[in-house]
Each structure stands twice: as C-alpha cells, then as structure tokens.
2 protein chains.
Amino acid sequence: MRERKDRDRTFSRRSLTGQVAHSLGMQIVCGEIAEGEVLATEEAASRAHSVSRTAYREAIKVLTAKGLVDSRPKIGTRVRPRDDWNMLDPDVMQWASKLATTTDFADSLFEFRLIIEPEAARLAAEKQLEEKINMIATGLEIMETTEPSTQENLDADLAFHAAILNASGNEFLRSLNHMVDALLIWSFEISSRKEGIRAASVPLHRSVYNCILKRDGNGAKQAMAHLLQSAREDIDQIVLPDNEGDQASANRVGPTQR
Amino acid sequence: MRERKDRDRTFSRRSLTGQVAHSLGMQIVCGEIAEGEVLATEEAASRAHSVSRTAYREAIKVLTAKGLVDSRPKIGTRVRPRDDWNMLDPDVMQWASKLATTTDFADSLFEFRLIIEPEAARLAAEKQLEEKINMIATGLEIMETTEPSTQENLDADLAFHAAILNASGNEFLRSLNHMVDALLIWSFEISSRKEGIRAASVPLHRSVYNCILKRDGNGAKQAMAHLLQSAREDIDQIVLPDNEGDQASANRVGPTQR
DNA sequence: AAACTTTATTAATCATACAATAATGTAAAA
DNA sequence: TTTTACATTATTGTATGATTAATAAAGTTT
C-alpha cells in the first residue's frame, strides 16, 4: 500500500530545478562549498549546471527557503553559516545523512531522537487518540508479518514511527516525521549490511505499542527509549567497526561519493 | 549588539518574491486557502498579486520547499495536507503564530518546548562547552540589566534561549533556535499587553544558568521546565482571559482537531 | 468493460531585456 | 590628508514571450 510516492515528500527531484537544488544543497551540506563562500554568478552557475538562469534561480530560492544561502544584488549568493541551516528540514536532513561518515552524525541523531520519540510515545499513551493509535497497530502488524530488510518492512517501520509522532497529538512533533523518515532510511541502508539486526527490533516495537494500549505513559516512554538505544548500538557496531582506535577505520565506511 | 539583522533569519520580505511567499504562506497556514485546494494558474495568480510569473513562480518554489504546496502540470499548484507542512520551519512557525487566537497553538507550543528545552539545558550542563556557556551568560546579564518589555531585553531573551540550544552541542537542537525565536517574539507581543509579567521570569533564567555552571544536569532540566511552565501560565492568563467555560479549559490539553 | 489514443490544460523551461541595488572607485571639498 | 559626494559597474531582481513537456480527462477502439 505504501508505495514510492511516500518517498516523494521531500523536494521533488524530477524537475530540473529540483535536481539543481539537490546537487547544490548536497555540496553545501557536505562542505564542498564552504560556509561564507560566494557562489558563481547566476549567469555562470546556470551555465555550469547546463540549465537556464530561470531554473537555477528557482533552485536557489529553494535553498534560501531552507536557510542554506542568501542572495543579494552586487554581492552574489553566499552560503550562510551552518547555524542558520534548517537541519530539521527533511531535505537538509537527507543531504546531511549522505556524509555521515563520522559517528558524530549518528550520535547527534540518536541523542535527538531519544529526546523526541520517547516523549511522543508517552503523549500517545496519555492522550489515547483512538484512530491515530490504530495506525500504529497497522504499521506494527506489517512489521511482524514481513521479512526484515525488505522494502515493505522498512515502509512499515517508517509508518510505525510516523504514527507514534502523529498520535502524540502535537503538530510540532508530528512535523518531525519526515525527518525521522530520512533517518530511518539512512539507518536502514547502513544496517542492511549486517544480517539479523533488524529482526531483533520487532519485539521492541511491540512493547512500545502495548504500553500505549495500556495507557502506560512512562512505560511507553521507556520502551521507546530502549528501542532507540538498541538501534543506536546496532548502528554504532557498523559505523565504528571494531575500534582499533584509529581514524582510518572510522572513515572506512565512506559515504556514497559521486 | 544584536540588531535588526537577527530578525532577518527568516525568508526575506524585501523582494517581491518574498512578499508573495509571505502572503500566500500566511493564507495557507491560516486556512484561508484550504488543504487540497488548487491555486489559480500561474498566469492568473501572478496577475492577482500584480507580479510577473517569474516572481510568482519563485514564491511557489519557496512554499514548495517548506512542504506547503506541490505543483504539477495539468493539475496546478495544490495545497498539501497539513501533515506534510514543515511546522518547524521558522517562517511557517511565524505564519502560524499569527493565527494563534486559540489556546491550541499555545498549548502545542509549550508542550513541544517543554520536551526540547529542558533536555537542551541538561545537555548543556553535562557537556560543559565553555565558550557556548559563556554566551548564555552574556544573554542573561543583559536580561538582568535592561528594562523588561524593551527590544533590548527581548533580544537578550532570544539570545539566552538560543545559547542554551547551542550549548547542548547537538546541531538538531540548535536548529530549533530560529523557531524558538519566532515563538518568543510571539509571546513577547502577547505578554507585553500585561505589565510586570516579564520581569518575574528573570530569576528563573538565572537559576537555569546557575545549574548549568554547577554541572547539575537534572537541576538545569528542572529549572528550564519551571521557567517554561511559568511562561505558559502567563500566556494562558492572557490568551484565555478568565475562562467562563469549564468545559473548554478541560479540553484545553486536546490536540488540534480539524 | 477494458485498453489505448487523442486532446486540452497547465506547469516547466528557455532566452532576452531591463530595473534596482549596493560595493567600489573617483573626484571634489574640507 | 580626510571626508564627502558622486559616478561606475557588477550582480541579483523583475518582467515578458515563446516553446516544451507532463498529464488528467475525454474520446476511441477493441
């Protein structure tokens, strides 16, 4: 039921504008274009990307909207300081995840999710918004009845986490679901390198849901925290594979270089 | 020290494109243009706004980047379901705050901040990133030495909260600072209707800082929670001025129904 | 009824021209 | 010499028209 379409919630890459925004956004987030750096003029840059100035400008507007750049006449388009980037924007998030060579990214990520998602689970248990809780069940059931490391299983996982955020009844928390999607897809790609990891997490999902059903707010919160910590350990095992302590091994799991 | 420039971190309203994006974005977030609704064609809409198609299209790209709309040939530009909006985007946040007539908005808001900011304070206390903690002090000192309800005092308040998020050492938390800015400005405008409210909060800020200095993570967390709860009560007093309906106040914690 | 064409509508893209802006250099004035 | 005022110029901002591509909906055939 959940098809590819759900993946399109981030800025569309079908259009030329989308492609340029994606390409430039990635370069900026990955540091290939440094903070404070001024991009080539529209004239030159659009030619470099083989698109019209119009298409290029629209791409820049997209990046501007996400806080990545700022354009001014006579100055040019300058990359804004990292502090101003909207890291919680699903696209920025996804771009950033591509360069997640260091464990820093994974750490910040799980630290953040550990703040957000357990509380969302608690709120879901306390508020008991029936229809929304049913959607959690739906995701969970598919997770339990499909093979781990399949597309369908991942989609169910995404649906589960999105449903929890949604069932928190807080629209700011709900807004994080696109971001969490980007993350889950990232960790799916990482963790599918190693067998058996994902299967183990299904019961943890179940116990989160059970607590919510029982209206056990603190239980749900703890269960979710447990689930995330478990996921973090799995990821750490891979991203930081047998630490002999040197930089090289940490960098070994390189990003998808273009 | 902190001038107007800091207020410009959201999408610039100087350009025509910015004005149109602002106007349309506001209409969408406020529900004047409903979810699922299809906007007029570029041709018509741009004329309605008295701008060129170029400027209008660029505005649409901005809204697309924030998840508010989606354009396709033969379909037109359609307002996406509320679930897809990036509520954490500073601009969207600011637009949404304009329609905060209901307490729902304030409630969701404080619920969210109560999840985020106390944890940020705890992390700041635990990680002890010296330079960043100094920035907290700077904001606090200005708060303590300026008149409440002045621009300077508000700016110091913004700086204080931003510094805490920053000192959490987590870049996702840090990203929330623009959003929190929008909120603080909103509550400043609300609360400045009533005298004396803001002065009372200064000691609460101080105790958050003291806990961070003492490396008391849980203390900092609780102090921040206390600060926010106090702010919430102040706002509630004004937004919901002497509730005549007990029913209404009982349901107050409810979700944003639609 | 189903599958497939066609058509009409709309955004997407391109090319070009001109306007507005602001950094920088230049000359006049103190 | 320093400052002020002014002109220069590079860059984005805005406007317009033309062309292309995508696609939903209507129509046609099987």
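- Toward the 5' end of DNA chain C, the nearer of the two residues B/Thr77 and B/Thr54, judged by each one's closest nucleotide, is B/Thr77.
- Atoms CD1 (B/Ile75) and C1' (C/dT9) sit 10 Å apart, rounded to a whole Å.
- Considering only residues two or more places apart in sequence or on other chains, A/Arg57 meets the side-chain hydrogen bond (donor to acceptor under 3.5 Å, both in side chains) condition with A/Glu42, B/Glu58.
- Rounded to the nearest 0.5 Å, atoms CG (A/Leu88) and CD (B/Glu171) are 9.5 Å apart.
- Residues B/Gln151 and B/Asp155 have side chains that bring a donor and an acceptor to within less than 3.5 angstrom of each other.
- Distance, A/Arg53 CZ to C/dT16 P: 12 Å, rounded to whole Å.
- Nucleotide C/dA23 holds its C1' atom 12 Å from the CZ atom of A/Arg72, rounded to whole Å.
- Taking 4.0 Å as the cutoff to heavy atoms of chain B, we find the contact window on DNA chain D bounded by D/dT14 to D/dA24.
- Residue A/Leu16 contributes atom CG, which lies 8 Å from atom C1' of C/dA12 at whole-angstrom precision.
- An OP1 or OP2 oxygen of C/dA12 is reached within less than 4.0 angstrom by a side-chain nitrogen or oxygen of B/Arg57.
- As a whole-Å value, the separation of A/Arg78 CZ from C/dA23 C1' is 12 Å.
- Counting any heavy atom pair closer than 4.0 Å across all strands shown, A/Ser71 reaches sugar-phosphate atoms only and no base atom.
- Here the CD1-CZ distance, from A/Ile116 to B/Phe112, works out to 5.0 Å after rounding to the nearest 0.5 Å.
- Toward the 5' end of DNA chain C, the nearer of the two residues A/Ser50 and A/Lys74, judged by each one's closest nucleotide, is A/Ser50.
- For B/Lys61, whose side chain is taken as the heavy atoms from C-beta onward, the closest listed nucleotide among C/dA12, C/dA23, C/dC14 is C/dA12.
- Summarising the geometry, the separation between CD on B/Gln19 and C1' on C/dA20 is reported as 14 Å, rounded to the nearest angstrom.
- Of all heavy-atom pairs spanning A/Ala44 and A/Ala40, the tightest one is CB-CB, 4.1 Å.
- We find that CD of A/Glu42 is positioned 18 Å from P of C/dA19, with the value rounded to whole Å.
- A side-chain donor from one of A/Asp84 and B/His178 sits under 3.5 Å from a side-chain acceptor of the other.
- The distance from atom CD of B/Glu43 to atom P of C/dA12 is 15 Å, rounded to the nearest whole Å.
- Of the candidate nucleotides C/dA8, C/dA12, C/dA20, C/dA20 has the atom nearest to the side chain of A/Pro73.
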